[in-house]
Amino acid sequence: MSDTAAQLQPHPVRNSVFLRACRNESVPHTPVWFMRQAGRSLPEYRRVREGIPMLESCMKPELVKEITLQPVRRHKVDAAILFSDIVVPLKAIGLDVDIKPGIGPVIANPIRTKEDLRQLRTLEPDDVPYISQAVTMLVEELGATPLIGFAGAPFTVASYLIEGGPSRTYERTKAMMFGEPELWSHLLERLADITATFLRIQIEAGASAIQVFDSWAGTLAPRDYRQSVMPASQTIFRSVAQYDVPRIHFGVGSGELLGPMGEAGADVVGVDWRVPLDEAARRVPPHTALQGNLDPALLFAPTHVLHQEADGVLNAAHAAGDRGHIFNLGHGVPPTVDPDVLTRLVAHVHETSTRSAT
Ligand code: CP3
């Protein structure tokens with residue numbers, strides 16, 4: 001085959017069902033992947049992670065590759081997501097951060113004053129060589145299956161940095177946001193810069209989509225999100241726009257924010273289980289694809305109920321009109337779920353969506 005002919009062949013990843021759906025193109029079946037598809041629900045994950053702390057495991061490219069591939073092999077999902085964490089770039093620039101099992105990220109010296117901001121220098125590619133190495137190896141191994149890169153959005157990462165760990169009320173975070181707007185915007189700008197670099201590193205190594213997790217933005221009123229958070233998130237989406245990789249924007253409890261989260265520059269908005277996809281479609285900008293949104297708790301319900309509810313998600317996506325749909329849960333896979341339930345769910349969604357497309 002001549003070089004020109006090779007170039008004319010459709011690129012297998014670019015033409016994958018997942019990326020086609022992200023671009024609102026027609027698909028043979030609805031693509032499926034799960035947030036937190038790699039993790040404690042899989043016995044093979046628990047085996048390879050034994051004795052290795054979470055953040056340490058994110059810095060071992062061979063291990064990252066293996067863990068990222070595990071759910072693809074087992075469940076036949078339509079995309080892989082890089083095994084990493086939203087606090088990896090913070091660790092990489094020298095912050096004292098740890099992920100405590102059953103708790104989440106814990107920050108030894110929280111950021112609460114102007115002086116504390118000095119802890120946040122810019123991220124350089126050399127700080128995270130293991131990320132580009134893992135992505136390069138994965139892209140090679142995954143063949144036609146796309147790899148999703150990701151990062152935490154400035155608000156969600158700031159909440160860990162300011163509170164010092166997970167929070168239910170975000171009191172200190174909001175106190176800074178409302179009470180010290182200048183310090184707040186400097187913090188978010190620095191985080192936007194770090195996040196944008198972290199995403200660019202993944203894209204340049206071969207990730208073919210990215211997801212920005214603003215998991216905890218749902219705690220904000222739309223006015224406050226627009227005024228105090230959206231500009232920093234917008235900076236991130238703008239800074240990866242030139243790569244032509246779909247940008248997914250996700251938050252939990254974000255029903256009232258779906259509009260601005262789409263406007264921030266997302267090609268795909270991830271929806272949690274609280275808002276049906278046809279309603280979500282009315283809230284996001286035109287041409288925005290949707291991802292979601294089965295309640296993860298349904299994974300513990302009898303199979304016929306689970307599959308019926310999955311069909312409900314597919315029907316709502318159909319009612320959402322002429323836009324792409326990526327099937328996912330409304331949030332991450334619970335660690336205690338039976339992985340066979342997930343494997344059967346992927347097969348069910350593939351089968352049902354194929355039938356309804358003909
Ligand atoms: O498969 C995937 O989805 C990719 C891997 C991934 C992890 N963390 C691995 C992980 C992704 C996308 C994340 C992002 C992340 N990390 C978010 C945003 C997504 C979300 O859940 O809303 C947040 C808020 C974090 C912070 C974080 N890291 C928490 C709250 C926890 C849970 C702590 C616990 O033990 O319950 C982590 C740890 C973590 N990140 C685990 C995994 C697989 C579990 C650690 C383990 O297996 O020992």
Side-chain angles (χ1 to χ4, degrees), residues 33-40 53-59 64 67-68 80-108 110-111 119-120 122-123 127-128 130-131 134-135 147-167 170 173 187-203 207 209-220 229 232-233 235-237 239-240 247-254 261 264 266 270 272 291 328-329 331-333 335:
W33 72 278
F34 302 118
M35 291 182 274
R36 291 282 176 88
Q37 62 191 16
R40 281 170 296 184
M54 174 64 192
L55 283 177
E56 210 177 291
S57 61
C58 295
M59 296 173 191
V64 168
I67 293 175
T68 303
I81 179 159
L82 181 70
F83 177 74
S84 188
D85 196 85
I86 59 170
V87 296
V88 163
L90 302 178
K91 179 87 177 169
I93 59 168
L95 259 78
D96 188 344
V97 51
D98 194 13
I99 295 184
K100 299 241 193 294
I103 300 174
V106 176
I107 315 284
I111 294 190
Q119 292 187 65
L120 292 178
T122 55
L123 179 74
D127 295 319
V128 285
Y130 43 85
I131 294 286
V135 170
L147 177 69
I148 305 169
F150 76 92
F155 176 80
T156 291
V157 175
S159 78
Y160 286 107
L161 285 174
I162 299 167
E163 306 286 341
S167 171
Y170 308 97
T173 309
L187 171 58
L188 261 67
E189 277 163 27
R190 286 202 190 197
L191 291 175
D193 184 71
I194 292 167
T195 301
T197 304
F198 192 55
L199 291 172
R200 280 198 301 266
I201 290 167
Q202 296 173 67
I203 297 168
I210 56 102
Q211 175 154 324
V212 175
F213 285 90
D214 210 348
S215 302
W216 315 137
T219 187
L220 297 171
V229 172
S233 294
T235 300
I236 295 167
F237 286 104
S239 84
V240 294
R247 298 159 297 172
I248 311 170
H249 200 180
F250 169 78
V252 183
S254 58
M261 285 181 77
D272 87 353
Q291 176 174 280
N328 205 315
L329 303 175
H331 198 189
V333 171

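What you see below is based on every heavy atom in this structure, not just the backbone, and it leaves out hydrogens, waters and symmetry mates. Sequence positions, counted from 1, serve as the residue numbers for this chain. This structure is a prediction, so every number in the text was calculated from the model and none was measured.
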Peer 1: Which residues pass the ring-ring contact (aromatic ring centres under 6.0 Å, His included) test with F155, not counting sequence neighbours?
Peer 2: none
Peer 1: Between N328 (side chain only) and M35 (backbone N and O only), is there a donor and an acceptor less than 3.5 Å apart?
Peer 2: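 Present.
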Peer 1: Would you check if V88 and L55 make a side-chain contact, meaning some heavy-atom pair closer than 4.5 Å?
Peer 2: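 Yes, close enough: below the 4.5 Å cut-off.
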Peer 1: Sequence neighbours excluded, which residues qualify as side-chain contact (heavy atoms from CB on, under 4.5 Å) partners of P110?
Peer 2: R112
Peer 1: List the residues meeting ring-ring contact (aromatic ring centres under 6.0 Å, His included) with F150, not counting sequence neighbours, and say none if there are none.
Peer 2: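 Only F213 meet the ring-ring contact (aromatic ring centres under 6.0 Å, His included) criterion with F150.
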Peer 1: Once salt bridge (charged side-chain N to carboxylate O under 4.0 Å, His left out) is applied, do any residues pair with D127, and if so which ones, sequence neighbours excluded?
Peer 2: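 Applying salt bridge (charged side-chain N to carboxylate O under 4.0 Å, His left out) to D127 gives R121.
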Peer 1: Test of understanding: with side-chain contact (heavy atoms from CB on, under 4.5 Å), list the residues that count as partners of A158, not counting sequence neighbours.
Peer 2: I162, W184, L187, L188, L191
Peer 1: Return the set of residues passing side chain to side chain donor-acceptor pair (under 3.5 Å) with Q211 (not counting sequence neighbours), or none when no residue passes.
Peer 2: Q291
Peer 1: Going by the rule salt bridge (charged side-chain N to carboxylate O under 4.0 Å, His left out), which residues pair with R247 if we only count those two or more places apart in sequence or in a different chain?
Peer 2: D267
Peer 1: For A196, check side-chain contact (heavy atoms from CB on, under 4.5 Å) against everything at least two apart and list the hits.
Peer 2: R200, S239
Peer 1: Identify the two heavy atoms, one from Q37 and one from I81, that lie closest to each other, and give their separation to 0.1 Å.
Peer 2: NE2-N, 3.7 Å
Peer 1: With sequence neighbours left out, write down each residue that passes side chain to side chain donor-acceptor pair (under 3.5 Å) with T173, or none if nothing qualifies.
Peer 2: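 With sequence neighbours excluded, T173 shows a side chain to side chain donor-acceptor pair (under 3.5 Å) to E163, given in chain and number order.
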Peer 1: So which pairs with a foot in residues 91-106 pass salt bridge (charged side-chain N to carboxylate O under 4.0 Å, His left out), sequence neighbours left out?
Peer 2: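 Listed once each, the pairs are D98-K100.
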Peer 1: Among residues at least two apart in sequence or on other chains, which ones pass side-chain contact (heavy atoms from CB on, under 4.5 Å) with A38?
Peer 2: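 If we apply the side-chain contact (heavy atoms from CB on, under 4.5 Å) test to A38, skipping adjacent residues, the hits are I67, P71, F83.
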Peer 1: Checking D214 now: which residues fulfil side chain to side chain donor-acceptor pair (under 3.5 Å) with it, not counting sequence neighbours?
Peer 2: T156
